[in-house]
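This report concerns only the one structure given below.
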Amino acid sequence: MSDIPDSPSTTALRRRLAELRGADVAPRPLDARALAALAANPGCRRRALLDGAGVDKGALAKKLGSPAAFGQSQFAFARGHAFEARVKGDGGAELMRLVHARTGTAGTPAPEPGEVAVPDLTASGPDGRAERTRLALERATAEGGWALLNHPMVRLEVAGSPVHLEPDAVAVHPDGRWTVVEIKSFPILDGAADPTKVGAAARQAAVYALALQALGGRVDERMLLVCPKDFSNLPTAEAVDLRRQLATTRRQLARLTRLEEIAAALPEGVTFDPARPADELAEAVRRLPAAYAPQCLSTCELAFHCRERARAAGSVEVLGREARGELGGLTTVEAVLAAARGEAASLSGGDGTDPSDDPPDDPAAAALRRAARLRAEALAGRS
Amino acid sequence: MSLISTLARVEAAATGRARPLTTVRHRHLAERPMVLVPLTTAGEVGAPLGALVGTDRDAPRLLVVPQPRDRTLRFAFLAELAEVVLPHLESAQGTVELQERAETDPETGKRVKVEVELCADAPQLIVPNTAGISYVRLLGRSTRFRRTAEEEPDSPHPAPARLPLLGRWLTHYGERARVPGSSLLLAVTEVLGRHWATGQSRLEDQHLGALLAWIEAEEGTSGAEAALRVELARDGDGVPLTPPAGPATDPAFDNRRLAPAIARHDAGLPGAEEEIRELVASQLRPTWDAVWRALDLLRALPPGARVADRWKRDRWSYTAHRDRLRAGEPPQPRRDDAVTAARKLAARETALAELAAQEALDDPLVMAERRLSGEAFAGEVVRVEPAWSEGKRPMPRPLVTVRTDDLPHLEEGDRVHRALEGGKSQPGVFVASPAPGLFTVRLTGGMGRGKVPEAGSVPEEGETVCWTLFEHAPRGGPDLPDPEETPWTHGGPPDPDALDAPDPVTPEDLL
Ligand code: SF4
């Protein structure tokens with residue numbers, strides 16, 4: 001929305017983020033997938049700042065010597081495209097039939113071919129496209145008919161900076177409702193799909209729905225998930241309730257520490273420009289507090305780097321959230337083993353727990369001592 | 001996870017080598033299992049690309065689909081798969097033992113004893129990981145409703161003759177794998193993970209090569225480093241040297257190797273098919289070898305005493321499926337009706353409780369977890385007082401007091417159980433804790449029918465005993481087939497209207 005002037009603080013933040021990214025580096029746009037992942041690990045300031053500043057984390061990880069193993073198979077890419085093209089083909093007739101069948105108001109007729117408006121959303125630049133989208137939604141809603149917005153562009157304010165997002169489609173109902181449509185190439189088999197994949201799609205759709213809500217529309221709290229049916233390439237769809245994802249994403253995006261704060265904690269001159277030498281970058285990254293968990297491996301390009309650091313620090317985070325939860329306040333391998341041996345945890349570096357804590361009174365340490373004793377006894381009895 | 005297994009993970013992280021979680025093996029391993037390592041193309045969800053399969057680790061059969069989008073080539077692959085796998089799955093149908101079972105006579109409504117067949121063994125199928133199990137299910141689902149040329153002479157794409165049958169077997173094995181403790185179809189990452197703790201997360205343990213690196217590390221070497229090498233090692237094109245056993249291929253492999261080779265194949269260039277076969281084999285072979293190494297490690301562990309008991313249930317399951325096929329039943333439905341689904345769920349819950357109890361009884365290290373959580377206690381008998389029940393025929397009800405550091409969650413009157421030699425268990429009731437660390441239990445059974453307890457049925461002073469607060473056999477008789485395994489010949493034919501139609505054939509199917 002280029003016609004709205006930026007506030008001075010926003011301009012200052014943008015300048016600061018550009019510095020952090022590197023003077024001549026183009027920002028890497030955030031997408032909904034990244035936002036959904038960000039919201040899944042809201043405690044990670046490292047990721048929040050790098051993503052917020054548009055740093056190419058993939059390039060950074062490579063420079064740090066721990067490249068991510070992400071990539072997309074061209075087969076998957078081709079199939080995804082072919083399927084989306086098929087779903088949207090014929091002026092979106094099949095897609096709108098599914099929109100009506102799964103999310104339409106009961107008892108209303110399905111849209112007739114030719115009855116669906118498909119507004120042109122092309123414009124130069126993301127701000128222009130977002131503006132076109134806003135106008136198209138406004139008009140379609142006012143006209144009170146069916147409309148299909150193919151690859152619209154919406155804006156969402158995240159941790160103090162704007163992010164442009166591109167849903168697969170948004171459908172406008174005659175009653176003025178807007179429904180987010182996501183087209184995925186994993187199958188719905190016998191009416192059920194992989195719950196992890198559906199969950200990821202729903203979190204992503206929730207991000208779009210939040211951005212649409214910011215435009216003041218009446219956004220459906222269900223998304224339409226379109227997938228291939230069984231083993232075929234024929235589309236089928238399910239309405240997926242987004243209320244829970246909307247609530248969590250809203251809460252977690254709000255909790256994302258504001259970028260200004262994180263940026264302010266960095267000394268002048270720090271930059272994440274992948275052109276800088278590796279040790280300088282490693283030092284810069286180290287200054288950003290992380291919150292590593294093994295789930296990062298499938299969601300964040302820096303995961304191998306953060307894992308290596310967490311391992312080197314002897315952090316129990318690397319064992320998984322479940323294990324970590326069980327160990328309570330003992331956060332390092334050394335502290336756990338010391339507690340298991342019955343030594344004072346503070347001697348071996350707990351995590352800032354008060355050294356005057358009396359270990360025998362700590363229930364976690366007492367349980368560990370008993371666990372270690374029982375385990376040793378059972379292993380010793382082994383023939 | 002329990003605190004003890006978390007501690008084992010921490011120990012592993014500290015030493016760089018996996019640590020044991022058990023002292024015995026808790027799953028059945030057949031003498032001659034069939035290993036199946038499937039491979040699918042990333043993106044074309046479920047479209048088979050190839051497989052290594054067989055019972056001889058030195059001579060796997062390589063099956064390859066040079067163009068996964070070609071239905072004819074996929075059918076050829078599936079036909080070949082049926083040719084290799086079906087003889088294995090059918091191999092144990094003929095050798096049976098007779099078992100007695102109580103059944104309700106349909107005419108008189110009385111419970112009568114009948115003799116039924118139980119297959120003396122059951123064929124085992126092993127896949128690398130849980131995704132492999134899901135893929136077995138998917139293959140079963142996609143093939144069991146297919147129509148062969150014989151069933152549908154006019155079909156433009158008839159399925160290979162034995163394919164629907166393979167689908168029904170794979171479906172059965174896939175369903176059975178949902179039952180805790182069952183061993184007809186095993187994923188080695190799961191079985192290894194049950195027996196060893198690594199110093200990484202469960203998520204990373206899904207990579208069979210990395211998991212093995214932790215376990216196989218020799219004294220003085222770092223499994224952690226070896227696992228990292230396995231996980232990260234890639235060739236100049238970024239193709240992983242030890243792929244994580246998929247079954248989906250690695251994107252770099254797809255883009256750099258497979259796609260150009262398939263393009264050459266599509267263009268009809270000579271040698272292209274051979275090239276694809278070699279590529280597919282290169283991705284499968286490391287996993288194939290890893291699965292067999294994993295089986296070696298597991299075989300080196302002595303089996304738990306109650307493993308054979310659970311394997312017998314697998315044999316019942318196998319026999320029941322055999323009987324359903326013989327009775328000409330239709331393929332398993334796409335979706336279970338509500339009653340069947342509820343029954344299966346209940347059966348799985350029982351199986352889970354039973355598995356937890358049996359593993360603890362078979363293995364002091366597993367029992368240690370239950371002791372830590374207050375569900376069991378073990379210690380030395382410090383006093384035995386003879387006592388009898390009141391009534392006309394007094395029965396022995398001795399009081400046994402043990403000393404223990406364990407902290408059982410006991411209240412007066414709680415039932416406790418103790419395993420006896422020979423697999424039976426003895427009930428007792430918690431009476432009181434006369435002093436800290438002392439617990440008194442009144443034995444209430446398992447001492448014979450006389451006024452004097454049978455020899456050896458009451459622990460003696462100085463003996464070490466272990467009481468559990470959980471039951472040892474949380475279900476009925478050990479020899480009954482699971483409810484879902486009851487053949488319909490014993491319960492009437494299914495509703496013919498409920499039969500599922502085959503999937504429609506479209507030009508762009510994946511499987
Ligand atoms: S990998 Fe590192 S930067 Fe990325 S989310 Fe995890 S901890 Fe944060």
Side-chain angles (χ1 to χ4, degrees), chain A residues 66-67 69-80 82 86 185-187 189-192 194 228 230-234 293-295 297-298 304 307-308 311 314 316 318-324 326-327 333-334 336-337 340 364 367-368 370-375 377-379 381-383, chain B residues 1-11 13-14 20 23 41-46 68 138 141-142 199-204 224 231-232 234 238 240 248-255 258-259 334-335 363-369 371-372 405-407 503-511:
Chain A
S66 307
F70 296 143
Q72 196 182 21
S73 160
Q74 64 186 69
F75 299 121
F77 190 74
R79 176 165 159 75
R86 148 168 281 204
S185 52
F186 58 82
L189 180 58
D190 296 335
D194 182 340
D230 300 339
F231 308 104
S232 73
N233 216 16
L234 304 173
Q295 282 74 10
L297 290 166
S298 56
F304 285 142
R307 183 179 69 176
E308 189 192 308
R311 280 184 177 167
V316 297
V318 299
L319 302 179
R321 289 191 173 137
E322 212 186 331
R324 200 195 151 160
E326 219 153 1
L327 294 169
V333 167
E334 257 319 301
V336 172
L337 292 180
L368 264 172
R370 283 177 20 80
R373 181 178 55 75
L374 284 167
R375 181 170 160 78
E377 187 186 306
L379 280 171
R382 190 162 56 143
S383 49
Chain B
M1 255 198 294
S2 70
L3 189 57
I4 289 189
S5 57
T6 298
L7 179 62
R9 267 184 196 275
V10 173
E11 288 173 5
T23 62
T41 44
E44 313 270 346
V45 185
L138 192 68
R141 164 64 183 82
S142 81
Q200 59 185 7
S201 70
R202 283 177 175 272
L203 221 71
E204 289 146 310
E231 193 185 49
L232 300 183
R234 288 175 178 257
T249 45
D250 180 86
F253 170 77
D254 277 4
N255 298 344
L258 190 59
R334 282 194 174 82
R335 283 193 245 192
D363 187 341
L365 191 45
V366 180
M367 186 62 90
E369 298 182 1
R371 288 166 60 190
L372 183 65
D405 291 336
D406 295 345
L407 305 170
D503 293 290
V505 174
T506 74
E508 297 164 85
D509 294 344
L510 292 169
L511 195 64

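Every chain is numbered from 1 and lettered A, B, ... according to where its sequence line falls, protein lines coming before strand lines.
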Sub-4.5 Å side-chain heavy-atom contact between B:T6 and A:V336: no
Chain B contact via A:Q72 - which portion, at a heavy-atom distance below 4.5 Å: backbone
Engaged part of B:L232 at the chain A interface, taking heavy atoms whose separation is under 4.5 Å: side chain
Side chain to side chain, B:T41 and A:S73, heavy atoms closer than 4.5 Å: no
Reported CZ-to-CG distance for the pair A:R375 and B:L372, which is rounded to 0.5 angstrom: 12.0 Å
Most contacts with chain B, counted as non-hydrogen pairs under 4.5 angstrom, among A:V316, A:D230, A:L374, A:L327: A:L374
B:Q200 portion near chain A, given a 4.5 angstrom heavy-atom threshold: both
Top contributor to chain A interface from B:A13, B:A368, B:S142 [non-hydrogen pairs under 4.5 Å]: B:S142
A:R324 vs A:L319 side-chain heavy atoms within contact, under 4.5 Å: no
salt_bridge(A:E322, B:R9) N-O dist < 4.0 Å: no
Any residue meeting salt bridge (Lys or Arg N to Asp or Glu O under 4.0 Å) with B:D363, in chain and number order, not counting sequence neighbours: none
Top of A:P294, A:G320, A:A372 for chain B proximity - count of heavy-atom pairs under 4.5 angstrom: A:P294
Test item: B:N255 and A:F75 side chains (from C-beta on) under 4.5 Å apart, heavy atoms: no
Residue A:R321 versus chain B: region with a heavy atom under 4.5 Å: neither
B:R234 versus chain A, the contacting section by heavy-atom distance below 4.5 Å: side chain
Part of B:L203 lying under 4.5 Å from any heavy atom of chain A: side chain
pair A:L234-A:R86: side-chain heavy atoms closer than 4.5 Å: yes
Check: A:V318 and B:E204 side chains under 4.5 Å, non-hydrogen atoms: no
Selection from B:T249, B:D250, B:L258 maximising heavy-atom pairs under 4.5 Å formed with chain A: B:L258
B:D406 and B:R371 ion-paired at < 4.0 Å: yes
Proximal component of A:A78, with respect to chain B [non-hydrogen, under 4.5 Å]: neither
Chain B contact via A:R311 - which portion, at a heavy-atom distance below 4.5 Å: side chain
Heavy-atom contact with chain B under 4.5 Å, split by part of A:A367: both
Structural part of B:A259 lying under 4.5 Å from a heavy atom of chain A: both
Side chain / backbone / both / neither for A:L368 at chain B, heavy atoms under 4.5 Å: both
Side chain / backbone / both / neither for B:E369 at chain A, heavy atoms under 4.5 Å: neither
A:D190 portion near chain B, given a 4.5 angstrom heavy-atom threshold: both
Heavy-atom proximity to chain A below 4.5 Å, by part of B:L7: side chain
